[in-house]
Each structure stands twice: as structure tokens, then as C-alpha cells.
There are 2 protein chains.
Amino acid sequence: MSFSSDYPVFYVTVDVVCLTVRDGVFSVLLAERGEGEQKGRWALPGGFVHPDEDLETAARRELEEETGVRAPALLEQLASYGDPGRDPRGRVVSVAHLAVAPDLGDATGGSDATAAAWVSVETALRKRLAFDHNLILRDGVARARAKLEWSPVAASFCPPEFTVADLRGVYEAVWGARLDPANFHRKATGARGFLVPLGRTAGGGRGRPAQLYRVGSATRIHPPLTISD
Amino acid sequence: MSFSSDYPVFYVTVDVVCLTVRDGVFSVLLAERGEGEQKGRWALPGGFVHPDEDLETAARRELEEETGVRAPALLEQLASYGDPGRDPRGRVVSVAHLAVAPDLGDATGGSDATAAAWVSVETALRKRLAFDHNLILRDGVARARAKLEWSPVAASFCPPEFTVADLRGVYEAVWGARLDPANFHRKATGARGFLVPLGRTAGGGRGRPAQLYRVGSATRIHPPLTISD
DNA sequence: ATAATAGTGTCTGTGAGACATTATACC
DNA sequence: GGTATAATGTCTCACAGACACTATTAT
């Protein structure tokens, strides 16, 4: 280091808003805090960035260590939270990330034996989470809802092969709205580069079997799937 | 502080991508670095966050100290940049901000006597800026271009009272595209809550005098002003 | 009058939403 | 056949883009 010793010093953490849809319920991954500050309170998974680690790597590592969730389909930076006093132990800036995963079943907890659980977003927002994690969660949820309109992020909530009805279920759960199946089908399959048909059908349903798709390479879906005004 | 002494320690800075439109040219505010690291190279204005200051306040302070620009019409967080090695002096995380200001005339430089100048975005992106500021600038420009579609941010590039032609000039400069004046007029004035007519006209132009407007209270413009496909 | 810019009208194509209709499975 | 879901077709309305046209100023 070549900074003089009177430069202000900070601690930097990452926190992860990890979202999924489980049985039609829009859910977020929470970890119960063990020993130390805010013990026993629920919080977003996260922790201190290591000295030689970039921010995204730290987010991925903390997510797995605290909750056992590996390799989410999407992980991107959300925003940073650095108000003085947001952590009573010192000056901590947290770089929050947004992760999206398909339904992975119950959370097992991570290698450091903290408890982890999927909680419905509605419930989580009503809880009193640790630090400023209510604010971070609100921002993450808002980002996810907005991104559904113009990005293929909905497919990140689904397994690699999925039906149009699966995808519609994601939109309905995240937006908390009912969508017309017929119009949704036409719009989703018509958005260029969004869905790639696999030529096979899904079994197990009650009616006519649905085509299977995988997500295409487009980074924006066009025209966007607008949430009804 | 109650962290044990072996927690990793970081320095936290803010950098500001401050954008404007000057005589039809989409421009960014750069500062020439004085003594110290990367001396003589152009950089985004920014600096270290003070111990008791929140991030947005720090961004506002650094912008004024280094360039003399006060109270931009918009200042919001952009993203954080924290790769190990992005600053050779130590582990520095920079929280970048996006600012938008109307044309303020030539930059005078700030109280600490560094040089500051408005540079066309095109030129700035071709320069080799300090640290990872080329990346930050790219991200800021992309954010601004995207926000024009659905937010009233274009008005932040204008003085408090402006004409529809002024506003169109912002879109054309930022997007680098020509827009049909007739259709733009209909869309801009038709977007609910975007423009508030003042009932007065602007003088000085060559043709029929244009109505003056101020920006409305809407946070999203609807329907959006889409950039032509 | 001419030029220049502001602002409106009109036409056409695309897409959204409502909803009817057909297709294909299980019971 | 009855029911459930997938997928397509049809109709109407709103809006985007192209562009003709009118309005109001300066020279």
C-alpha cells in the first residue's frame, strides 16, 4: 500500500438478493445470523470480500458458503449501500448483488452451519431483517420485476428446458398478476431470440402436452413483455 | 470499531460520470489528475469518501471540489468497481455515480486547482483515461442512453424552462440519431406527466416561436420514447 | 414573398388485449 | 365423451413512423 495512514479505511462486504419461484411463490433466500452482530435475525446471505477477490466472485462464494446455493443462472451487481451507521461495528460498504436461480428445493444451509431458507418475498419484506437488508431486498425485487419486461431473465428462474406455461408462471409470480395464456404464448414465442423450440414435448400435465424450449441468445427481448397498465 | 484487526481493509472512493449536451454535442466532464498516481492523465472527477459521509454526498462534494460543478439536476448511483489491481496503490472500491447537468458553460476547475473540461463523449471514449475510467464511462453512457427511453432524464440536460426542440436536441445528441420533429413533438407532449406547458413562448428563434415547458412530476414517461429499431 | 421552424392531421403497419376456436392429451 | 391445457385465429384499439399540411415568426 502506498496510501498515507490517515486515509479513511472501510470494510467492504457483499450481500446477495437470491430470488426464485417455488410452487408459484416468488421467494428469496435468507440466512439466519449466527454469533456476532444481529445474532438470530434473518439477513441476506453475504460477508466480507477477501483481499484478492473481485466483487462478483465474493458474492458467489458467500452465497454458496452460507446457503449451499451454487451457480445461480444469473448474478449481477445491484447497488452499493454505504450510509455511515448502517453497521454499528464500523464503516462498512456493502455491494449488493442480484441472483436468480431455478427452484432448487429446500435450502440446506452452508458449510458454516448457518441456517438458510427460502422465504416468500411478501413475508420477507414484512420481517425486520438485519442491517438495511429490507431496503436492499426492496431494490432487488424492483430490479427483477423491471427486468422481466425487456430481458430474458425469466428463463433464469426456470430449469434449462421449460414450457411456455412455466415461463408464464414466473411472470405471474414475480409480478403478482394474472396473464392471458393465449396472448402470453404469442408474445413470448414471437419475441425474436428469446425462446428456442426443442421439438419435444413435456409429459405429465393434464391437457395437451406443451412444447419444450430453451432460452435463446438474445440479451433483450423485443418487443418487450409489458406489464399491463 | 469492533472488527478484529485481521479483517481485510479497503479504501472507498466515488467517481462521477457527469454528462451534458453543449451545442448539440453529448459531453462528459473530465479532470486532469495533478500530483500522485496517474499524474497528467484525464480522469472522471472523484476521490475518497470521508469517514462520516454517505456515498451520494461524497460524489456531490468531489464533483464540486474538482470541477466547480454544483447541484447537477440528477445524481444517482451507477455501479461499483472493485477489481483487485484496479488501483496500483492498494485495494480501492469505487462507487461510480451518474450526474446530468444542463449546459453550464466552460468548466472552471475546482477549488483544488486541478484542470477540468467538458469533452465530447466520443472523444473521451477514445482517450486512455486513468484507472478503469473508460469502463465506468461506457457504463454511464449506456445507462443515460437507456434511461432516455422511459425516464424524464432528458429534462435534466435542459435549463428549467425549455422547448420541445431543446428536448429533441438532447435525444438526438445522446442517441446519435435524427428524430422526426413532428412525431417527437406528439410523443413528448402526449406522454402523461412528462411536460408541463407554461403558456409562454421562447423568443430568438428563426421560425414560429416554440412553447416553453417545464418538466412534470412523473418518474416514468408513458408510453416510452423508443429509440427507432 | 420566402425561408425557417412549430405544431397538427392523416395514413398505414404492428402489436396488445379480449376472446373464440382448434388441437391433443388424460380420465 | 368430458375436461383440461396448449396453441392459433380474429377482432379492435392504440400507437409508431412517414409525411403532407397548416401556423407563425424573421428577413
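Letters A, B, ... are given to chains in the order of the sequence lines, protein chains preceding strands, and every chain is numbered from 1.
Between the CG atom of A:Leu212 and the C1' atom of D:dA7 there is a distance of 15 Å, given to the nearest Å. At whole-Å resolution of the value, CG in B:Leu195 and P in C:dG7 are 11 Å apart. Distance CD (A:Glu149) to P (C:dA16): 12 Å, rounded to an integer number of Å. As a whole-Å value, the separation of A:Arg178 CZ from C:dG17 P is 16 Å. Regarding A:Lys187, its NZ atom lies at a distance of 16 Å from the P atom of D:dT8, rounded to whole Å. Rounded to an integer number of Å, the gap from NE2 of B:His185 to C1' of D:dC15 is 17 Å. C:dG17 atom C1' lies 13 Å from atom CG of A:Leu225, rounded to whole Å. Taking atom CD1 of residue B:Ile221 and atom C1' of nucleotide D:dC15, one finds them 15 Å apart after rounding to whole Å.
Sorted by first and then second residue, the salt bridge (Lys or Arg N to Asp or Glu O under 4.0 Å) pairs involving residues 195-212 of chain B (not counting sequence neighbours) are B:Glu161-B:Arg200. Sorted by first and then second residue, the salt bridge (Lys or Arg N to Asp or Glu O under 4.0 Å) pairs involving residues 94-103 of chain B (not counting sequence neighbours) are B:Arg22-B:Asp103. Sorted by first and then second residue, the pairs that involve residues 127-142 of chain A and meet salt bridge (Lys or Arg N to Asp or Glu O under 4.0 Å), not counting sequence neighbours, are A:Arg86-A:Asp132.
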Original post:
After noting the C-alpha distance and the side-chain angles of B:Leu44 and B:Phe131, does the key distance pass the side chain to side chain contact (heavy atoms under 4.5 Å, CB included) rule?
Top reply: CA-CA 10 Å; B:Leu44 299 172; B:Phe131 307 111; over 6 Å; no
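Every side-chain hydrogen bond (donor to acceptor under 3.5 Å, both in side chains) that A:Arg60 has, sequence neighbours left out, goes to A:Glu56. A search for side-chain hydrogen bond (donor to acceptor under 3.5 Å, both in side chains) contacts involving A:Ser80 returns B:Ser80, not counting sequence neighbours. A:Ala202 is linked by a side-chain contact (heavy atoms from CB on, under 4.5 Å) to A:Thr163, A:Leu212, counting only residues two or more places apart in sequence or in another chain. For the side-chain hydrogen bond (donor to acceptor under 3.5 Å, both in side chains) test, no residue two or more places apart in sequence or in another chain qualifies with B:Arg220. In this structure, A:Glu32 has no salt bridge (charged side-chain N to carboxylate O under 4.0 Å, His left out) partners at least two apart in sequence or on a different chain. Residues satisfying the side-chain hydrogen bond (donor to acceptor under 3.5 Å, both in side chains) criterion with A:Glu53, sequence neighbours excluded, are A:Arg61.
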Original post:
What is the per-nucleotide protein-contact pattern of nucleotides 19-27 of chain C, from the 5' end, where B denotes a base atom under 4.0 Å from a protein heavy atom, S denotes such proximity for sugar-phosphate atoms only, and - denotes neither?
Top reply: BB--BBBS-
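The shortest distance between side-chain heavy atoms of A:Val16 and A:Thr67 does not fall below 4.5 Å.
Taking the screw axis at each terminus of the helix from C:dA1-D:dT27 to C:dC27-D:dG1 from five consecutive base pairs, the angle between the two is 10° to within rounding of 10 degrees.
For the contact set between residues 153-169 of chain B and DNA chain C, defined by any heavy atom under 4.0 Å, the members are B:Ala165, B:Arg168.
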